[in-house]
Amino acid sequence: MKKQPAQWLLSAVSVGIAGIILTQSYSTAVAETSTEGFVPTPEQKVTTRQVAALLDRSHYLNQPLDSNMGSEILSMYIDSLDPNHTLFLQSDVDEFKKKYADEFGARLKRGDLSAGVEIFERYRKRSSEYFAMASKMLKTDIDLTGDETIILDREKLGHFKTKKEQRDYWTRQLKFQLISITLGQEDEKAKEQVFLNNPDITRGQDLVRDDKRTPSEILLKRLTRQQEQFKRLKDDEIMETILNTAMLTYDPHSNYYAPIQATELQIQSSLQLEGIGVSIRPDRKNPDYTRIVTLVDGGPAAKTGQIKPNDLIVGIAKDGKNMTDVVGWSTREIVSLIRGKRGTSVTLKLRQPNTPDSSARTVTVVRDIIQQEESGVKQRVVEVQRPNIDKTPKRIGVLEIPSFYLNYRARRNGEDYRSVSIDTEKALKALNKENIDGLVVDLRNNPGGSLDEVAKMLGFFIKSGPLVQIRDNRGNIQVYRDNDGGEQLYDGKMVVLTNLASASASEIFAAAIQDYGRGLVVGSTTTGKGSAQIQLDSLALGTATLTQRKFYRVTGGSTQNKGVVPDIELVNIYDDATFGERAQKKALPWDTIKTAPYKPEGKFSSDTLATLNQQSKIRQQQNPQFVYLSTLNDIRDMEDEKKPIRLDINSRRAKMQLIEKRSLEAENKRLIATGEKPYSDWNTYQAAMDAKFEERSQMKANERPELPEDEVFINEAAYIMLSAEPKQLLSPKEALEK
């Protein structure tokens with residue numbers, strides 16, 4: 001297989017700062033600060049020109065960054081800042097389009113960010129107006145009853161024409177938030193009473209928050225915390241908003257990452273970071289504080305002996321600098337302070353819960369490389385016995401692949417490195433020694449990764465031939481092939497388990513297994529992310545991923561947009577309307593190229609697939625776990641944010657109680673069906689779930705018991721595989737004998 005000069009990434013989802021700043025105005029408000037001091041540095045100007053040049057000349061679409069494209073970027077930028085169309089007035093939008101629509105692209109090509117900064121300032125101003133109004137309104141008594149309504153999802157609706165219309169909506173959305181918080185408090189207090197009356201249910205954990213704040217105080221504190229976060233926004237992150245939007249206007253997977261975000265991208269693709277080895281999250285009782293949940297065994301934090309789970313982080317001194325008070329900071333901001341280069345130090349100021357700040361202690365930790373062992377490939381064996389068919393249980397190997405990861409920097413530098421193909425080879429050899437009767441390759445929620453790695457992985461299962469076709473922006477087609485002389489690490493029966501969150505490299509894998517008839521694809525239609533990005537580390541600031549190629553199945557059809565349709569469908573736990581490539585803006589279209597000559601290793605007839613689907617459907621209708629998941633899908637559809645919601649706490653409470661009633665009924669039905677004791681009421685159920693969640697969160701991933709609603713997919717995939725007779729799908733050895 002020909003190696004590429006650069007590392008190709010096929011990750012499914014990339015996140016820009018705009019979505020973090022303000023995804024929905026009804027849940028976020030910010031303070032008035034000024035970027036008058038934001039005079040772009042030479043590095044920022046160069047980076048802007050570099051990104052513009054990449055889009056103008058090197059993107060797969062071959063779409064020049066002309067005035068029309070610049071106008072599209074401008075519209076996309078406005079929507080990225082105000083996706084719900086509640087902050088900018090229509091007059092703001094008209095003004096910006098009149099001033100900048102024709103020249104927005106040209107400005108970017110010159111390295112000029114001033115138009116984007118001006119729009120960002122107006123966004124900041126409107127956000128400040130919202131915060132000021134909210135602060136004033138939340139200090140008054142607000143009637144939570146009445147006949148008013150609100151539409152929460154306004155993405156398809158226009159911007160408000162007058163400030164009166166805008167402020168009327170703001171008033172209603174604040175009222176909606178207060179209703180939601182009030183009802184949430186009622187539920188929380190009821191759960192806490194269950195904990196107090198039945199202390200055994202807490203499993204020895206302190207789960208009573210006893211929050212005495214009013215709903216208005218909670219909402220004001222939440223908005224103030226977000227305000228402070230916005231004040232700490234750096235110029236690089238504002239630049240990231242502008243440049244990332246420009247790239248997203250070409251397609252959903254071309255992205256620009258400021259230096260902080262670039263670090264996250266490297267971690268996701270390599271499973272390696274340089275830090276102290278702790279996991280953190282907001283504290284349950286007071287989200288202003290960040291709590292240490294677990295420590296990595298043998299990691300720098302654990303080695304100090306002075307850092308414990310449940311410690312609250314109140315301050316951080318980075319690389320010898322002054323201690324910074326981080327109470328009220330987001331976990332993302334705290335992570336950015338803790339991480340750093342190997343061999344450097346960071347000092348944490350910590351205290352235990354329920355102790356005064358005066359008791360806080362400081363601990364200095366030297367950063368080191370942390371291998372995220374729990375995030376890699378896992379293998380196990382499950383026993384499955386079909387009623388009235390199998391006299392003894394069948395041993396089924398399960399290969400869980402979370403992503404197609406590769407530490408390409410270490411590989412490039414000639415160092416020892418970790419990759420999914422290396423880990424999978426070890427896992428398959430271990431499973432082969434177990435004498436398994438079949439294999440389930442679990443690609444659920446796998447976002448993709450390295451193209452080289454997925455090609456190597458396919459070589460473990462497919463005898464020989466083309467694996468995937470790649471077309472670049474000039475129409476050149478390259479074929480990745482398995483050229484290992486027919487060697488296979490596993491040649492037995494197999495299924496590939498997918499869902500709507502299986503993307504990119506996962507889709508390449510599933511498509512090749514399906515096209516070769518090497519195994520069945522079972523589950524839900526995949527994401528539909530059929531493009532390849534090159535990672536660019538040579539920018540003046542940060543990094544970028546740029547879509548330059550598109551991949552196709554050996555049959556010639558792209559997985560782009562359509563995804564991989566499973567041979568056998570299982571319950572889909574995701575919402576197709578909001579998740580996956582088909583729900584993305586600016587998604588590349590589906591198309592086809594010529595078939596690459598290949599020889600299938602087996603084939604299921606349409607009659608066989610119809611029979612397997614029918615049998616599986618009957619099992620799913622009878623299985624309490626699948627019935628439970630299907631019912632949850634129906635309950636989820638009871639809420640539609642595109643439709644008017646009545647702003648009356650009594651009607652809202654009744655709606656929530658109906659949802660709670662149906663959810664409890666669904667849970668109790670599956671408990672009774674599986675021989676377990678049902679819950680007496682909603683509050684007891686929620687209290688028990690909180691306790692279980694807290695307990696699981698403190699376990700290592702490989703120590704957590706499998707959830708029955710997850711494991712049912714593995715078992716059903718195994719049933720389907722075992723129900724396929726060998727004559728319907730020949731192994732490579734059987735095919736040669738025939």
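Computed from a predicted structure; not experimentally measured. All heavy atoms count here, side chains included; hydrogens, waters and symmetry mates do not.
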Ring pair (Phe, Tyr, Trp, His ring centres under 6.0 Å) partners of residues 200-220, not counting sequence neighbours, each pair once
none
Backbone N or O of Asn683 within a donor-acceptor pair of the Glu660 side chain at under 3.5 Å?
no
Are the side chains of Lys189 and Gln193 in touch, meaning some heavy atoms are under 4.5 Å apart?
no
Do side-chain atoms of Asp153 reach the backbone of Glu155 as a donor and acceptor pair under 3.5 angstrom?
yes
Is the backbone N or O of Val564 less than 3.5 Å from a side-chain atom of Thr526, with the two atoms forming a donor-acceptor pair by type?
yes
Kindly give the heavy-atom pair with the smallest separation between Asp576 and Ala583, and that separation in Å.
O-CB, 4.1 Å
Heavy-atom pair of closest approach, residues Ile179 and Leu647
CD1-C, 3.9 Å
Ile292 vs Lys308, test: side-chain contact (heavy atoms from CB on, under 4.5 Å). Steps then yes/no.
CA-CA 7 Å; Ile292 292 175; Lys308 308 293 183 185; over 6 Å; no
Side chain of Tyr679, backbone of Gln686: donor and acceptor closer than 3.5 Å?
no
Who pairs with Lys617 by side chain to side chain contact (heavy atoms under 4.5 Å, CB included), at least two apart in sequence or on another chain?
Gln621
Pair Arg281, Glu694 - check salt bridge (charged side-chain N to carboxylate O under 4.0 Å, His left out), show working.
CA-CA 12 Å; Arg281 75 177 188 195; Glu694 188 70 17; 2.4 Å; yes
Walk me through whether Asp187 and Lys191 qualify under salt bridge (charged side-chain N to carboxylate O under 4.0 Å, His left out).
CA-CA 6 Å; Asp187 272 356; Lys191 277 193 298 183; over 6 Å; no
Phe176 ring centre to Arg652 NZ or CZ under 6.0 Å, with the angle to the axis within 45°?
no
Flag if over 12 foreign heavy atoms under 6.0 Å of CD, Gln614:
no
Note, Asp690 side chain near Phe195 side chain (heavy atom, < 4.5 Å)
yes
Lys391 side chain to Asn388 main-chain N or O, any donor-acceptor pair under 3.5 Å?
no
What's the spacing between Leu612 CG and Tyr719 OH if we round to 0.5 Å?
15.0 Å
Are Arg444 and Ile573 packed together at the side-chain level, in the sense that at least one heavy-atom pair is separated by less than 4.5 angstrom?
no
Should Arg380 and Glu706 count as side-chain neighbours, where that means a heavy-atom distance under 4.5 Å?
yes
Measure across Ala717 and Leu497 and return the closest heavy-atom pair with its distance rounded to 0.1 Å.
CB-CD1, 4.5 Å
Arg154 side chain to Asn84 backbone, donor-acceptor under 3.5 Å
yes
Heavy-atom distance under 4.5 Å between the side chains of Val522 and Glu716, does that happen here?
no
Atom CG of Leu664 and atom NZ of Lys661: how far apart are they, to the nearest 0.5 Å?
9.0 Å
Residues which pass side chain to side chain donor-acceptor pair (under 3.5 Å) with Asp288, listed by chain and number, not counting sequence neighbours:
Lys221, Arg225
Quick one: are Leu570 and Gln620 in side-chain contact, heavy atoms under 4.5 Å?
yes
Given Gln352 and Asp311, is the side chain to side chain donor-acceptor pair (under 3.5 Å) satisfied, shown in steps?
CA-CA 5 Å; Gln352 279 286 298; Asp311 276 346; 2.3 Å; yes
Donor-acceptor under 3.5 Å (Thr202 side chain, Pro199 main chain)
yes
Side chain to side chain donor-acceptor pair (under 3.5 Å) between Asn715 and Glu711, intermediate numbers included:
CA-CA 6 Å; Asn715 291 331; Glu711 195 69 358; 5.3 Å; no
Using every non-hydrogen atom in the two residues, find where Val326 and Gly315 come nearest and quote the distance to one decimal.
CG2-N, 3.7 Å
Anything under 3.5 Å between a donor and an acceptor, one on a side chain of residues 625-633, the other on a protein residue two or more places apart or in another chain? List them.
from   : atom 1 : to     : atom 2 : distance (Å)
Gln625 : OE1    : Arg670 : NH1    : 2.7
Ser630 : OG     : Phe626 : O      : 3.1
Thr631 : OG1    : Val627 : O      : 2.8
Asn633 : ND2    : Asn572 : O      : 2.8

Mind running side-chain contact (heavy atoms from CB on, under 4.5 Å) on Arg582 and Thr525 for me, showing each step along the way?
CA-CA 11 Å; Arg582 295 169 290 283; Thr525 300; 3.9 Å; yes
Report the distance from atom CG of Leu157 to atom NZ of Lys642, rounding to the nearest 0.5 Å.
10.0 Å
Kindly write out the residues that satisfy salt bridge (Lys or Arg N to Asp or Glu O under 4.0 Å) with Lys175, not counting sequence neighbours, or none if the list is empty.
Glu148
Derivation of the side-chain contact (heavy atoms from CB on, under 4.5 Å) call for Asn198 and Thr684:
CA-CA 9 Å; Asn198 305 277; Thr684 302; 5.8 Å; no
Show the numbers, then the answer: is there a salt bridge (charged side-chain N to carboxylate O under 4.0 Å, His left out) between Lys692 and Glu695?
CA-CA 5 Å; Lys692 288 180 180 178; Glu695 186 176 53; over 6 Å; no
Whether the side chain of Asp283 engages the backbone of Thr290 through a donor-acceptor N/O pair (distance < 3.5 Å, no angle test) should be reported.
no
Would you confirm whether Asn446, through its side chain, and Ile401, through its main-chain N or O, come within 3.5 Å as a donor-acceptor pair?
yes
Are side-chain heavy atoms of Asp423 and Tyr405 found at a separation under 4.5 Å?
yes
Dump the intermediate steps for salt bridge (charged side-chain N to carboxylate O under 4.0 Å, His left out) on Lys394 and Glu383, then the final yes or no.
CA-CA 5 Å; Lys394 299 293 186 181; Glu383 292 191 343; over 6 Å; no
Side chains of Thr527 and Glu507: do they bring a donor and an acceptor to under 3.5 Å?
no
Sorted by chain and residue number, the side chain to side chain contact (heavy atoms under 4.5 Å, CB included) partners of Asp567 (sequence neighbours excluded) come out as Gln514, Leu520, Val521, Leu609
Whether the side chain of Asn623 engages the backbone of Arg619 through a donor-acceptor N/O pair (distance < 3.5 Å, no angle test) should be reported.
no
What heavy-atom pair brings Ala301 and Gly277 nearest, and what distance separates the two atoms?
CB-O, 4.3 Å
Can you list the steps and then say if Ile338 with Leu348 is a side-chain contact (heavy atoms from CB on, under 4.5 Å)?
CA-CA 9 Å; Ile338 291 176; Leu348 306 182; 4.2 Å; yes
Here the gap from Ser330 atom OG to Glu228 atom CD, rounded to the nearest 0.5 Å, amounts to 12.5 Å
Quick check on Lys669: does its NZ atom have over 12 non-hydrogen neighbours (other residues, nucleotides or ligands) under 6.0 Å away?
no
Heavy atoms of Leu350 and Val314 approach each other most closely as N-CG2, 4.3 Å
If we only count heavy atoms from C-beta on, is the Lys655 to Ile645 side-chain gap below 4.5 Å?
no
How are the rings of Phe579 and Tyr574 set relative to one another: parallel (under 30°), tilted (30 to 60°) or perpendicular (over 60°)?
parallel
